[in-house]
There are 2 protein chains.
Amino acid sequence: MTDATPHGGQPSPPLPRVRLVDVAREAGLSKTTVSAALNGTGRLSPAVREKARETARRMGYRPNATARRLRAGRARLIGYVVGEFADVPWTSLESPYFARLTAATAATSLRRGYAVVLLPAGSLQSEWADLSLDAVIVADPVADDPVVEDLLAARIPVLSDRSVEGRSGAYWVDVDAGGAVGEALDHVRAQGARRPVLVVPDSTTRFHTEVCAAHRAWCAAHGAPERVVRAGSPGNGPVIRAVETALAGDPAADGARPDALLVVAEASPPLVLDAVRRLGLDVPGDVLLVCVSEDVTAEHTEPPVSTLSLRPEAIAEAGAEILVAVLEHGDREPSGVLVPTRLDVRASSVRPAQPAYTSRPPT
Amino acid sequence: MTDATPHGGQPSPPLPRVRLVDVAREAGLSKTTVSAALNGTGRLSPAVREKARETARRMGYRPNATARRLRAGRARLIGYVVGEFADVPWTSLESPYFARLTAATAATSLRRGYAVVLLPAGSLQSEWADLSLDAVIVADPVADDPVVEDLLAARIPVLSDRSVEGRSGAYWVDVDAGGAVGEALDHVRAQGARRPVLVVPDSTTRFHTEVCAAHRAWCAAHGAPERVVRAGSPGNGPVIRAVETALAGDPAADGARPDALLVVAEASPPLVLDAVRRLGLDVPGDVLLVCVSEDVTAEHTEPPVSTLSLRPEAIAEAGAEILVAVLEHGDREPSGVLVPTRLDVRASSVRPAQPAYTSRPPT
DNA sequence: TTGAAAGCGCTAACAA
DNA sequence: TTGTTAGCGCTTTCAA
């Protein structure tokens with residue numbers, strides 16, 4: 001259909017939105033007065049303010065956000081991209097961590113008056129260059145992510161993880177990877193494990209890099225063998241195979257089998273547990289298990305799996321805080337926040353009171 | 001925090017954006033000419049058009065989307081909200097189905113020039129009333145969802161599932177639930193199952209209602225006992241318990257144990273499989289298993305689990321198509337599309353080649 | 001073929 | 001205390 005909607009006329013199909021001027025006319029006031037009344041600004045007599053508000057309400061007035069945005073010079077729009085796995089557009093949101101980070105970011109931002117625009121991973125810069133975003137959140141970018149470069153070049157503030165530290169216009173919130181790994185390893189050590197093994201995807205993500213560094217430091221500090229098995233790529237399949245490799249025992253370490261498994265990859269806890277069992281090992285009897293995961297299935301396995309939560313909601317909250325400060329108050333100081341993780345200890349990483357070898361009566 | 005200017009305050013740091021008028025001045029042309037050159041409209045000499053474009057490129061000109069939107073009278077913004085479980089904001093995105101639907105919606109819409117604004121489930125209408133959304137996609141609303149009512153009352157086009165059928169301004173895309181259930185039941189029947197049981201959450205979602213109706217019809221048509229076990233609520237815990245109940249055998253049906261299990265709930269396939277095994281049953285030997293799920297973990301279990309995919313990408317595509325038609329061409333005809341599902345048959349629902357009782361040589 | 005001017009709906013100086 | 005007016009940056013008649 002031809003959208004014969006010039007202006008002034010009364011086009012039959014389209015909906016005639018109530019504008020500020022309509023309310024003003026109806027109330028016998030000026031646009032300015034009504035605007036001030038509705039926004040709580042200016043100095044108006046309570047009577048007039050009430051009248052303006054009442055009329056607006058009665059007429060079902062809804063301010064035109066676009067006009068406001070133009071006037072304000074800020075779109076109140078924040079872009080959101082997940083940087084990793086740019087070639088597989090939907091993988092990222094499927095991870096419980098990103099799902100929760102995304103939802104929490106949207107909720108927190110909206111509460112502060114900013115709408116979050118979902119940018120598909122792998123979308124071309126040209127697709128969102130014309131959106132007039134006030135800022136963009138790049139969740140978990142790869143090292144030297146080109147997306148980040150483009151954004152900064154376009155002078156759009158970027159919120160990301162520590163990988164952007166020190167760059168103008170780049171702000172960050174990051175997981176305390178070091179603390180996380182330390183906490184998890186301390187825990188399994190306290191439960192008696194002496195040969196923990198780390199499974200981590202072969203990713204250039206800042207988080208995974210930090211995890212490996214922290215692991216190395218911890219092993220050195222505790223005189224533990226530094227055992228790491230890398231999954232070729234993220235995703236359940238490779239991680240499961242890495243778990244199998246990890247538990248096969250390390251020939252370089254006298255073939256001794258690891259007694260604790262720390263999986264730092266968004267793998268499904270029940271799948272990890274099944275993999276361990278298929279090797280004929282008991283959890284937690286033979287091996288203690290801790291997964292870095294937000295996956296709720298961890299609570300429903302037998303035994304429930306201990307998890308290390310990266311606390312996506314806290315990260316989203318901290319990020320929104322920083323971005324709003326930058327956008328509203330013009331903070332230009334590079335700044336960042338480190339969010340601590342949370343270890344949820346469940347049966348999979350608690351050494352049974354009576355280990356198998358002591359429960360056998362002595363011959 | 002006392003922020004005297006709710007909306008529209010001038011931001012402190014003046015970002016010197018290049019405007020159209022700057023390009024015009026630089027090129028020695030008028031705004032009109034440059035605008036036409038950049039948009040490919042009007043009748044301009046190739047030389048002038050090229051000059052305008054070159055200058056714009058050189059100066060790094062980026063059109064102000066907000067101004068465009070104001071001028072166009074359309075914000076080119078589509079809201080996206082997941083209706084179910086409004087009280088648990090992040091649960092929905094965690095489901096692989098919604099995750100993929102969300103990502104695909106964002107990608108498809110953006111490709112057509114519309115940005116998708118993520119609206120947290122459970123957010124108040126007041127929070128997004130001021131966003132000037134052109135339309136809102138309500139994914140999987142509950143029956144008579146109040147969100148839908150509010151939207152339609154505000155005369156904002158709504159895209160949802162069939163539950164909105166026939167209402168002015170409401171358009172839909174829906175899963176072919178009937179076909180899906182039929183396909184799955186036909187499949188297990190072909191594999192020899194005669195006593196299938198359906199596990200479905202106790203939800204008022206259109207999809208689940210349809211599933212039950214289709215199941216009833218199928219059972220009647222095939223003279224099969226109509227066995228349904230309802231999970232108290234979505235989420236893995238309740239669904240797992242429902243699976244246990246389902247396989248305990250139905251006293252009302254001579255206590256015969258079901259020989260096929262169709263789980264129509266976004267439960268984790270490995271968890272479902274574990275639950276079946278804990279009952280001492282073999283899959284697919286004792287019971288065939290099919291889960292309605294987009295969960296990729298289904299491929300990684302032992303045996304892999306057959307799944308019925310709702311094809312979220314196809315749904316997103318169809319939805320965007322309809323919405324764009326409405327928004328751009330003013331189609332006001334109520335319209336909808338039914339998207340077929342896809343059954344991915346894996347080992348969990350294929351009767352082993354030599355069932356136990358036929359493998360015995362005849363005496 | 002190009003340019004001047006009029007708004008889109010809103011907010012905020014500045015008058016009255 | 002309230003109203004008038006001038007734009008925010010862009011697209012689009014309409015005139016030159």
Side-chain angles (χ1 to χ4, degrees), chain A residues 3-9 11 14-25 27-53 55-56 59 61-76 130-132 134, chain B residues 3-11 14-25 27-52 55-56 59 61-76 130-132 134:
Chain A
D3 57 339
T5 320
H7 49 247
L15 42 154
R17 274 279 289 237
V18 179
R19 298 158 307 165
L20 189 63
V21 66
D22 298 322
V23 177
R25 191 160 24 217
L29 297 167
S30 77
K31 291 195 314 181
T32 312
T33 307
V34 177
S35 173
L38 265 29
N39 291 329
T41 56
R43 303 152 293 280
L44 301 165
S45 69
V48 170
R49 171 155 292 164
E50 188 42 47
K51 166 155 204 177
R53 288 186 165 159
T55 310
M59 298 178 73
Y61 169 72
R62 289 270 151 242
N64 181 315
T66 308
R68 282 183 154 181
R69 294 176 163 114
L70 178 59
R71 178 63 236 234
R74 247 183 307 127
R76 290 193 161 268
D130 292 354
L131 286 177
S132 288
D134 294 331
Chain B
D3 192 343
T5 52
H7 283 88
Q10 292 289 356
L15 258 272
R17 274 277 287 237
V18 179
R19 297 159 307 164
L20 187 63
V21 66
D22 298 322
V23 177
R25 190 159 26 215
L29 297 167
S30 77
K31 291 195 316 179
T32 313
T33 308
V34 178
S35 173
L38 265 29
N39 292 329
T41 57
R43 303 152 292 278
L44 275 57
S45 68
V48 170
R49 171 154 290 164
E50 187 43 47
K51 165 153 203 180
T55 310
M59 298 178 74
Y61 169 72
R62 288 267 150 245
N64 180 316
T66 308
R68 284 184 149 179
R69 300 203 240 260
L70 178 59
R71 182 59 238 242
R74 249 180 311 122
R76 301 194 85 89
D130 292 355
L131 286 177
S132 290
D134 294 331

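Just so it is clear: chains get the letters A, B, ... in the order the sequence lines come, proteins before strands, and each one is counted from 1.
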Practice prompt. Select one nucleotide: of C:dG9, C:dT11, C:dT1, the one nearest the side-chain heavy atoms of A:N39.
Written response: C:dT11
Worksheet item: Using a cut-off of 4.0 Å on non-hydrogen atoms, how would the nucleic acid contact of B:L44 be classed: base, sugar-phosphate, or nothing?
Response: sugar-phosphate
Worksheet item: Counting any heavy atom closer than 4.0 Å, what does A:R19 reach on the DNA or RNA strands: base, sugar-phosphate only, or nothing?
Response: sugar-phosphate
Worksheet item: CZ of A:R76 versus P of C:dC10: gap in Å, rounded?
Response: 16 Å
Practice prompt. Starting from C1' on C:dA12, measure out to CG on A:L38 and report it in whole angstrom.
Written response: 16 Å
Worksheet item: Just wondering, do A:D130 and B:P63 contact through their side chains at under 4.5 Å, heavy atoms?
Response: yes
Discussion item. Contact between A:V34 and A:Y61 at the side-chain level, heavy atoms closer than 4.5 Å - yes or no?
Written reply: no
Worksheet item: If you find the nucleotide of DNA chain C closest to A:R62 and the one closest to B:R43, which residue's nucleotide is nearer the 5' end?
Response: B:R43
Discussion item. Distance check, rounded to the nearest 0.5 Å: B:S132 atom OG versus A:R69 atom CZ?
Written reply: 6.5 Å
Discussion item. With a strict under 4.0 Å distance from non-hydrogen atoms of chain A, what nucleotide opens and what nucleotide closes the contacted stretch of DNA chain D, reading 5' to 3'?
Written reply: D:dT1 to D:dG9
Could you pull out the protein-nucleic contacts involving nucleotides 3-6 of chain C (nitrogen or oxygen on both sides, under 3.5 Å)?
{"unit_1": "C:dG3", "atom_1": "OP2", "unit_2": "B:S30", "atom_2": "N", "d": "3.2"}
{"unit_1": "C:dG3", "atom_1": "OP2", "unit_2": "B:S30", "atom_2": "OG", "d": "3.3"}
{"unit_1": "C:dG3", "atom_1": "OP2", "unit_2": "B:T33", "atom_2": "OG1", "d": "2.4"}
{"unit_1": "C:dA4", "atom_1": "N7", "unit_2": "B:T32", "atom_2": "OG1", "d": "3.3"}
{"unit_1": "C:dA4", "atom_1": "N6", "unit_2": "B:T32", "atom_2": "OG1", "d": "2.8"}

Partner residues of [X] under the side-chain hydrogen bond (donor to acceptor under 3.5 Å, both in side chains) criterion, sequence neighbours left out:
| X | result |
| --- | --- |
| B:R68 | B:N39 |
| A:T33 | A:S30 |
| A:R19 | A:D22 |

Worksheet, complete the sentence: Residues at least two apart in sequence or cross-chain that pass side-chain contact (heavy atoms from CB on, under 4.5 Å) with B:D134, listed by chain then number, are B:R74, B:A75, B:R76, B:Y114, B:L327
Discussion item. Can you tell me if A:N64 touches the phosphate of C:dC8, counting only side-chain N or O atoms and a distance under 4.0 Å to OP1 or OP2?
Written reply: no
Worksheet item: Has the side chain of A:R62 got a donor or acceptor atom that lies under 3.5 Å from a matching backbone atom of A:R17?
Response: no
